[in-house]
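Below is one structure, written out as structure tokens, with a few remarks after it.
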2 protein chains.
Amino acid sequence: MKSMKISDAVVRRLPIYLRFLSELAMNNVLTVSSQDLGQKLNLNPAQIRKDLAYFGEFGKKGIGYDVLFLIEKIRQILKLDKTLSVGLVGAGNLGRALCNYNTYLKDSMKIVAVFDATPEQHGKVINNLIVQPMEELEATIKALQIRIGIITVPSTAAQQVATQFVAAGVEAILNFAPVVIKVPNNVRVHHADFTTDLQSLAYYLG
Amino acid sequence: MKSMKISDAVVRRLPIYLRFLSELAMNNVLTVSSQDLGQKLNLNPAQIRKDLAYFGEFGKKGIGYDVLFLIEKIRQILKLDKTLSVGLVGAGNLGRALCNYNTYLKDSMKIVAVFDATPEQHGKVINNLIVQPMEELEATIKALQIRIGIITVPSTAAQQVATQFVAAGVEAILNFAPVVIKVPNNVRVHHADFTTDLQSLAYYLG
DNA sequence: TAGATTGTTAATCGATTAACAATC
DNA sequence: TAGATTGTTAATCGATTAACAATC
């Protein structure tokens, strides 16, 4: 069980469970069944039970899952039980917008440094963060122990930024640039490219 | 072949092919093999051939695919050969950032209307678009024949906006709010939620 | 022709769902 | 106890990959 390989599909559902569970907790709901969860999240209850069972026996037969307990467990699984530092490169419109999500991400993650290649941006303040030049990227990432990088630069610069992130020791990258970037096997990349999302949507028009 | 059901996984790769093919075209590359494509896009060549073969015989044995021809075909498949009108609700930081992608989306899609619930936003101009009140949503969507909607409002308002979109005749929705929204079966929703992307990334930290 | 590459079938792999004994 | 719901196995479903004849 311990060393079983968990599929990405499972991992990507965990934050969705977490979010809904947090909402339940805010409403003082104490327990929830896989049936409830499935209904609210448009997922099969068996799938939810299976997803959670990969990591332990979190539920009680006949009762369901304790909301607060499950929140704690999923936080641990996702390594969100401590605050993770995030660095962002690209202080354009999108980058600045993302910086303002810090309040939403709350305790689990925090964007702690912003970089940009254009000198005009340097020194500008975004949500209490000072935009730094690229030359300071490596030193800052190491000093602040940044393990996750966000890329919001134009496509043409994305690969170069990814390479710099990796060289500085970043372990995971969220890439918003509409281009496939390549990194070593030990670094994880997720693509958050809304242009491809939009284009694939068009296929489903009647 | 004509009525074969294409999986979402396939549809979501088509825009990625399209983007890279456009880049090749800009560099005056005339043909490309599935091997080349696979290498550049981190995909299996057999998968690429199979994806494309769902829609027709676009390649030439021994040669590969004609770049311009394939671009045209994928545009047709994705219904991107004519300009699609897009409406956006939520003129916050993220919404404003997305409006500036109009130039990138070029001919295939265009955000043509922006709405917001807060009166302070009404009348403001974003990238040549005037922010309209929600009361005008339905009339504007019908008048401009908007078929795709983007939601960039807070989670608490997302479901309501989705319902309004559907009522106004929108056929596909890209939801940036970190919440699962429900729509009728004939409407397609894609979730573009970077907070869950980020949280699932954390799982892969060493 | 020889080499390259497609389109497609078959094999493999993986993910989802159904079913149900265990049990709260 | 009776009803509800888990954890898990088995069945199903679907997606990816390998292999190769066809052919440019």
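These numbers were taken from a predicted model, which means no experiment stands behind them. Below, chain A is the first sequence line, B the second, and so on; all start at residue 1.
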Q.
Both B:Ile63 and B:Ala9 contact DNA chain D. Which one's nearest nucleotide lies toward the 5' end?
A.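 First, find each residue's nearest nucleotide; the 5'-ward one identifies B:Ala9.
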**Q.** Complementary nucleotide of C:dA21, counting Watson-Crick and G-U pairs under 3.5 Å
**A.** D:dT6
(Q) Both distances below 3.5 Å, Watson-Crick or wobble geometry, any strand: find the nucleotide opposite C:dC13. (A) D:dG14
**Q.** Basic-acidic side-chain contact under 4.0 Å: B:Arg19, B:Glu23
**A.**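 B:Glu23 and B:Arg19: not salt-bridged.
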**Q.** Pair A:Arg188 + A:Asp8, salt bridge at N-O below 4.0 Å
**A.** yes
Rounded interatomic separation in angstrom, taking [atom1] from [X] and [atom2] from [N]:
X: A:Lys5; N: C:dC13; atom1: NZ; atom2: C1'; answer: 13 Å
X: B:Asp51; N: D:dT16; atom1: CG; atom2: P; answer: 7 Å
X: A:Ile6; N: C:dA15; atom1: CD1; atom2: C1'; answer: 13 Å
X: A:Asp36; N: D:dT6; atom1: CG; atom2: C1'; answer: 13 Å
X: A:Leu37; N: D:dT5; atom1: CG; atom2: P; answer: 12 Å
X: A:Gln47; N: C:dA15; atom1: CD; atom2: P; answer: 11 Å
X: B:Gln35; N: C:dG3; atom1: CD; atom2: C1'; answer: 13 Å
X: A:Leu30; N: C:dC24; atom1: CG; atom2: P; answer: 20 Å

Proximal nucleotide (of [options]) relative to the [X] side chain:
X: B:Tyr65; options: C:dA18, D:dG7, C:dG7; answer: C:dG7
X: B:Arg49; options: C:dT6, C:dA15, D:dT8; answer: C:dT6
X: A:Lys60; options: C:dT5, C:dT16, C:dC24; answer: C:dC24
X: A:Lys61; options: D:dA22, D:dT17, D:dG7; answer: D:dG7
X: A:Lys50; options: C:dC24, D:dT16, C:dT17; answer: C:dT17
X: A:Ala46; options: C:dA15, C:dT16, C:dA18; answer: C:dA18

**Q.** B:Tyr65 six-ring centre to B:Lys60 NZ/CZ under 6.0 Å and within 45° of normal
**A.**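 No cation-pi geometry.
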Q: Say whether B:Thr163 and B:Gln159, considering side chains only, have a donor N or O and an acceptor N or O under 3.5 Å apart.
A: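 There is such a pair between these side chains.
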Q. Base, sugar-phosphate, or nothing: which does A:Glu57 touch, judged by heavy atoms less than 4.0 Å apart?
A.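 If one applies the 4.0 Å heavy-atom cut-off, A:Glu57 turns out to touch the sugar-phosphate alone, with no base involved.
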Within the structure, does a side-chain N or O atom of [X] lie under 4.0 Å from either OP1 or OP2 of [N]?
X: A:Arg13; N: C:dA15; value: no
X: B:Ser7; N: D:dA15; value: yes
X: A:Ser34; N: D:dT6; value: yes

Q. So which heavy atom on B:Ile16 is nearest to which on B:Arg12, and how close?
A. CD1-O, 3.7 Å
